[in-house]
Amino acid sequence: MTENISHYPLHWTSKPLGVISSLRSETGYPKEELLSVYLDRGVVLFSDVDEKRTNATSSDLSGYQLVEVGDFVLNNQQAWRGSVGVSFYRGIVSPAYLVLRLSDELHPNFANYMFRNRDMVGHFVICSKGVGTIQRNLYWPQVKRMPVVYPDLPEQKAISNLLDQKTTQIDKTIRVKEQQITLLKERKQILIQNAVTRGLNPETPMRDSKFEWIGEIPAHWDVMANRALFAERVEPGREGLPLLSVSIHSGVSEEEVSEEENVRGRVKIADKTKYNLVRPGDIAFNMMRAWQGAIGEVRTEGMISPAYTIAMPSQKIVPKFFEYQYRTPIFIQQMDRNSKGITDFRKRLYWDGFKQLITLVPPIEEQGAIVEYIDREVAKQDRAVSLLDQQITKLKEYKATMINSAVTGKIKVPGVVEPVQGMNEPEAREVCQ
C-alpha cells in the first residue's frame, strides 16, 4: 500500500493514519444534529438530505457517535466508493461509521480534499473486507495502517485555499450547465404537451374539452375513453422472443432486458408461456408504475412480465402519438387518479381503470404530423442536453484531477515558499494556473 509514496515531494511527511488520528467512539448525545456521509458531498447535515425516506434512522439515537468539527468520518460500508469526509459540523452519526479525531498536523480543509481524492479512495478499497462490491466493510485495524503523506501546515493551507477557489469556479459552471439542462427538459415537456393537447396550428378553432385538467382542445379533435380505442391483449409468450421492459424514463424497450436490470427484481422464468406476448403497435404499461409514467408504444415483437398490461388498438391510431400524450404530466396524473391502492408503492392501474382514461384523438394524418414534429424537436433538445452532459462530465473529471494533483504535490501552489522537490513525475502540469 506504499507504492505511491515515492510519487510525492520529498519534503512531505509520511505516517500511518493511526499515528495522526485516534478512534473516537463517544455515544450518549441523542439531541445533537444528525449527520450523514455521501460519496459526492462528504459529511452533510441529515436535514439537508433529499433521500430521507430511503435512509431511515433509528428512533433511539443514544447509540449514535459524536462527531466534532474537524473529525474524519468514514461510512464503513461505502468508504471504498468515496463516502468519507472531514466534518465541518458538530453532530452524531450512525454507530456503524468510523469517527476519527485528527492530529493538529492536518488542516481540516486540506484533509477533506486529501481523504476524498481518488488515490486515498484506492487505499480504502484495498483495506476493505468483503465479497463482491455490495458488501465491503472498512475496519479500524486495517485502515489505521494506511499511509498518509502530507506537507506542513502552511502548504496545506495554501493548497486548500487554491482548491477552494478553483473548485468553487468549477462548481458554479457545473450548476449553470445543470440549470440549462433543467430548462431544456422543461421546454421539451411543454413542447410535447402543447403539441398533443392543442395541435400544431395556433390558428385552429378551439373548444372546451369538458375536462378542467385538459382545458381547450382543437374543435375537430375527438375526446374518447380508452375502452373505445383499445382491447386487452392476453396471449402467452413463446420461445425465442426478447423479454422487454417498461420504464418510467424511456417507455417500452426494444431489446432484451439486460442482466444488470434483471438483477434488480425481474427474475427470468423458464416457462415462456408465463410471459405475455406483445406486438408492434400495442401499448404496454407497468401496472405498478403507470402512476409514474411507465407506459409506451411497443416497437418490436416480444414478451413482457405478467405484471404489465397490453392494450391492443381497436381503431386506427398512431401509437407513438398515444405514448407522447400519456407520458405528459397531466396524463400521468390521470393514470395516478385511476390507480388503486393506499400508498404509492401499492398503487396499481388495472385494465378496468385504464379503460376509463380519457384520450384526445386528432385525425390520423394529424397524429402522424404531430409525432414527426415532436420527434424532430425532441432530437434537437436531446442533442443539446447530451452536449451539456458531456461538458459537465469533463468538468468533474478536471476537478477530480486537479484535486488529486494538488493534494499529492504534483503542482506548484502560489503562496508556498519552499519549492516542490524530488517529484518522480516530471510530466506533471500546473493545471490550476
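Taken from CD in Gln78 to OG in Ser128, the straight-line distance is 9.5 Å, to the nearest 0.5 Å. Residue Leu98 holds its CG atom at 9.0 Å from CG of Asn75, rounded to the nearest 0.5 Å. Separation of atoms CD1 (Ile374) and CD (Gln193) is listed at 10.5 Å; rounding is to 0.5 Å. Atom CG in Leu349 sits 9.5 Å away from atom CD in Gln334 (nearest 0.5 Å). Within the model, atoms CG of Leu66 and CD of Glu26 stand 5.5 Å from one another, a figure rounded to the nearest 0.5 Å. From Leu162, atom CG reaches atom CZ of Phe110 across 12.0 Å, with rounding to the nearest 0.5 Å.
Distance alone, capped at 3.5 Å, places no donor-acceptor pair between the Asp71 side chain and the Val67 backbone. At least one donor-acceptor pair under 3.5 Å links the side chain of Gln325 to the backbone N or O of Val196. When atom types are taken as modelled, the side chain of Gln142 and the backbone of Ile126 share no donor-acceptor pair closer than 3.5 angstrom. Checked by atom type and distance alone, the side chain of Arg116 pairs as donor or acceptor with a backbone atom of Gly82 at under 3.5 Å. A donor-acceptor pair under 3.5 Å is absent between the side-chain atoms of Gln65 and the main chain of Ser25, judged by distance alone. A side-chain donor-acceptor contact under 3.5 Å links Asp208 to the backbone of Lys210. Panel note: side chain Arg327, backbone Gly293; a donor-acceptor pair is recorded below 3.5 Å. A donor-acceptor contact shorter than 3.5 Å links the side chain of Thr204 to the backbone of Asn201. A donor-acceptor contact shorter than 3.5 Å is absent between the side chain of Ser62 and the backbone of Gly28. Side chain of Ser22 to backbone of Gly18: no donor-acceptor contact under 3.5 angstrom is found.
The two residues Ser209 and Val223 have their closest heavy-atom pair at O-CG2, 4.5 Å. Shortest non-hydrogen contact noted between Ala290 and Ile332 is O-CG2, 4.3 Å. Between Leu61 and Pro30, the shortest heavy-atom distance links the atoms CD1-O, 3.8 Å. Pro16 and Lys144 get closest at one heavy-atom pair: CB-O, 3.6 Å. Between Pro242 and Glu256 the shortest heavy-atom distance is CA-OE1, 3.1 Å. The heavy-atom pair separating Val252 from Gly296 by the smallest distance is CG2-O, 3.5 Å.
Taking 4.5 Å as the limit, some side-chain heavy atom of Asp382 sits within range of a side-chain heavy atom of Lys188. For the pair Leu74/Leu138, a side-chain contact is recorded, criterion being any heavy-atom separation below 4.5 Å from C-beta on. Proximity of Arg81 to Val121: side-chain heavy atoms (C-beta onward) are nowhere separated by under 4.5 Å. Under the 4.5 Å side-chain criterion, counting only non-hydrogen atoms from C-beta, Ser83 is not in contact with Gln77. Within the 4.5 Å cutoff, side-chain heavy atoms of Ile317 are placed close to those of Phe230. You'll find the side chain of Asp164 reaches within 4.5 Å of the side chain of Tyr113, heavy atoms only. For the pair Leu229 and Asn226, the minimum side-chain heavy-atom distance is below 4.5 Å. Between Ile295 and Glu323, the closest side-chain pair of non-hydrogen atoms is not below 4.5 Å.
For Lys177 and Asp389, the salt-bridge test fails: no basic side-chain N is under 4.0 Å from an acidic carboxylate O. Here Arg90 pairs with Glu68 in a salt bridge; the nearest charged N to carboxylate O distance falls below 4.0 Å.
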Passes side-chain contact (heavy atoms from CB on, under 4.5 Å), Met303 versus Val278? Steps please.
-> CA-CA 6 Å; Met303 302 176 294; Val278 289; 6.0 Å; no
Take Gln333 and Trp291, measure what side chain to side chain donor-acceptor pair (under 3.5 Å) needs, and give me the verdict at the end.
-> CA-CA 7 Å; Gln333 290 167 16; Trp291 61 275; over 6 Å; no
Audit row: His123, Asp119, side-chain contact (heavy atoms from CB on, under 4.5 Å) steps and yes/no | CA-CA 7 Å; His123 284 303; Asp119 276 9; 5.5 Å; no
Given the rule in the side chain to side chain donor-acceptor pair (under 3.5 Å) test, do Asn137 and Tyr139 qualify, once you have shown the distances and angles that lead to the verdict?
-> CA-CA 7 Å; Asn137 295 322; Tyr139 300 103; 3.2 Å; yes
Worked check of side-chain contact (heavy atoms from CB on, under 4.5 Å) between Phe115 and Leu17 = CA-CA 11 Å; Phe115 285 124; Leu17 179 59; 3.8 Å; yes
I would like to know whether Glu33 and Tyr89 meet side chain to side chain donor-acceptor pair (under 3.5 Å); could you show each step before the answer?
-> CA-CA 8 Å; Glu33 185 85 44; Tyr89 309 97; over 6 Å; no
Step by step, would you call Val99 with Leu23 a side-chain contact (heavy atoms from CB on, under 4.5 Å)?
-> CA-CA 6 Å; Val99 181; Leu23 189 64; 6.0 Å; no
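Aromatic rings from Phe354 and Phe285 are positioned such that their centres are separated by under 6.0 Å.
Phe72 and Phe124 have tilted rings, their planes meeting at an angle from 30° to 60° on a 0 to 90° scale. Taking the six-membered ring for Trp and thresholds of 30 and 60 degrees, Trp213 and Phe331 have ring planes more than 60 degrees apart, a perpendicular arrangement. Ring planes of Tyr326 and Phe322: parallel class, angle under 30° (limits at 30 and 60°).
Of the residues Asn109, Val73, Leu102, the one that meets the side chain to side chain contact (heavy atoms under 4.5 Å, CB included) test with Val86 is Leu102. Just one of Glu105, Gln156, His107, Glu155 meets the side-chain hydrogen bond (donor to acceptor under 3.5 Å, both in side chains) condition when paired with Tyr150; it is Glu105. Looking at Asn112, Thr401, Asn404, Thr408 one by one, the single match for side-chain hydrogen bond (donor to acceptor under 3.5 Å, both in side chains) with Asn117 turns out to be Asn404.
Around atom CZ of Arg187, no more than 12 heavy atoms belonging to other residues, nucleotides or ligands sit under 6.0 Å away.
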